[in-house]
Participant: 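What follows is a structure written as structure tokens; I'll ask about it next.
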Amino acid sequence: MTDDLLARHRAVLPSWMPLYYAEPIELVSGSGRRVTDAQGRSYLDFFGGVLTNMIGYDIPEIREAVERQLATGIVHTSTLYLIRQQVELAEKIAHHSGIPDARVFFTNSGTEANEAALLVATNHRRSHQILAVRNSYHGRSYAAMGVTGNRNWSASGLNPLQVAWLHSGDRVRGLLARLSEDEQVDAAVEDLREVLATQTAGDVAALIAEPIQGVGGFVHPPDGLFAGWKKVLDEHGILFIADEVQTGWGRTGEHFWGYQAHGVTPDLLTFAKGIGNGFVLAGVVGRAEVLESVPAISFSTFGGNPISTAAGNAVLDYVLEHDLQANAARVGAILADGLRSAVGGLDCVAEVRGKGLMLGVEFVRPGSSEPDPGLTNRVFEAAREGGLLTGKGGLHGNVLRMGPPLTLTEEEAREGLAILVDAIRSAAGVAA
Ligand SMILES: Cc1ncc(COP(=O)(O)O)c(C=O)c1O
């Protein structure tokens, strides 16, 4: 029984690890974009285990690739031995990263990927000064948390880095919110110059930024902002790290990587979540010159192990062979247009935002920019009642987040859209 499991969970797992829903659910089976809970209730999944089940559930190509590797008897060897699956995946990722002369280091989580990126950037530049973005999330280790600009996720003030903060692309609140997109870019670039001149010793190692802020509620800057920033960074030799943990592999529809909306190439790119479709796989890609900045032995016992990289190869092949980026653009547009026309005009909706299959709805008290996490939660619960799993996020917990598998069909998008619109209207007390 789920009730019993909930009590056992609470008795043995830490309370700071949140569970979704007033009545938490246990998902016991899945197929395609649908999951079933322990009560036998089935849901269309628009959150995919936080954008991680990127292809969906029980995908034969991925299951069979993992089964083939399992059948060899080799689950793990350590990276002290050659791992064919790992080399093949690294070749593919290096090729698709857009980064010249790329090297790939595999880790077990996005946190570790960012930790590795920060390690090589700070070593390469011989500086522990980092620029990060307000409202960001980069993980739960000290350095990754140190560049996380969200109080709710900053569990410690201990920080191995010296961090200076840049403005996010928030259009709802904050100093740059009311500006036009061009003005926002100009102001953010001017701010970067001022931050460098006033809050750093000049020799900054890197800027780390998410193209679309995941935990931050899918806030994203105007296209081109990273190019404006990069011009200034280049004047100082400062590296640029794109955290593509949520935005990679075509999720944004318009591009394969989120950074590409800005017409720049990062020095380092971190990935995780979707590439394993649930198998533990993450990593960092970077120019050899930068990624080789490790003046000691460094290795990850499990990083890029044969099972994970068998899954990763199958996932990446699936993404490319089925052109899931194009699907994300096409199906994402159905959702975005549908949400904007059905609820975008409600005075409790501040913004419908995002790209491709990474879409958020921000809720506020009517006629203001005051966050309404209560309404967000009611919508979230109502959507589940209606048979749709979504996510929540944002600095104030007032953003509903949708990041379904990239295989979502048009019919499923319409089905989920109808549930969402009903949930929003009923929670907001708007007549259908
Ligand atoms: C943008 C981003 N970076 C890093 C992380 C950390 O990844 P992980 O939870 O795999 O350590 C996350 C996780 O949500 C994320 O969204």
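Both ligands and their constituent atoms are indexed starting at 1 by order of listing.
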Participant: So, for Arg134 and Ser168, which heavy atoms are closest and what is the spacing to 0.1 Å?
Facilitator: O-CB, 3.3 Å
Participant: Working to the nearest 0.5 Å, report the span between CZ of Arg401 and CD of Gln246.
Facilitator: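 Output value for this atom pair is 5.5 Å.
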Participant: Side-chain contact test, heavy atoms from C-beta onward, threshold under 4.5 Å: evaluate it for Leu131 versus Leu233 and give yes or no.
Facilitator: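 The answer is yes, as the side chains (C-beta and beyond) meet within the 4.5 Å cut-off.
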Participant: Kindly print each ligand 1 N/O atom paired with any protein N/O atom under 3.5 angstrom away, one pair per line, or none if nothing qualifies.
Facilitator:
unit_1, atom_1, unit_2, atom_2, d
ligand 1, 3 (N), Asp243, OD1, 3.3
ligand 1, 3 (N), Asp243, OD2, 2.7
ligand 1, 7 (O), Gly110, N, 3.4
ligand 1, 7 (O), Thr111, N, 3.4
ligand 1, 10 (O), Gly110, N, 2.8
ligand 1, 11 (O), Gly110, N, 3.4
ligand 1, 11 (O), Thr111, N, 2.8
ligand 1, 11 (O), Thr111, OG1, 2.5
ligand 1, 14 (O), Lys273, NZ, 2.9
ligand 1, 16 (O), Gln246, NE2, 2.8

Participant: Tell me if the CD atom of Glu235 is crowded by more than 12 foreign heavy atoms within 6.0 Å.
Facilitator: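 Yes, the 6.0 Å shell around CD holds more than 12 heavy atoms from other groups.
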Participant: Please list all pairs meeting side-chain hydrogen bond (donor to acceptor under 3.5 Å, both in side chains) that have one or both residues in residues 268-279, counting only residues at least two apart or in different chains.
Facilitator: Asn114-Thr270
Participant: Hey, what's the ring geometry for His96 with Phe256, parallel, tilted or perpendicular (30° and 60° as the breaks)?
Facilitator: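 His96 and Phe256: tilted rings.
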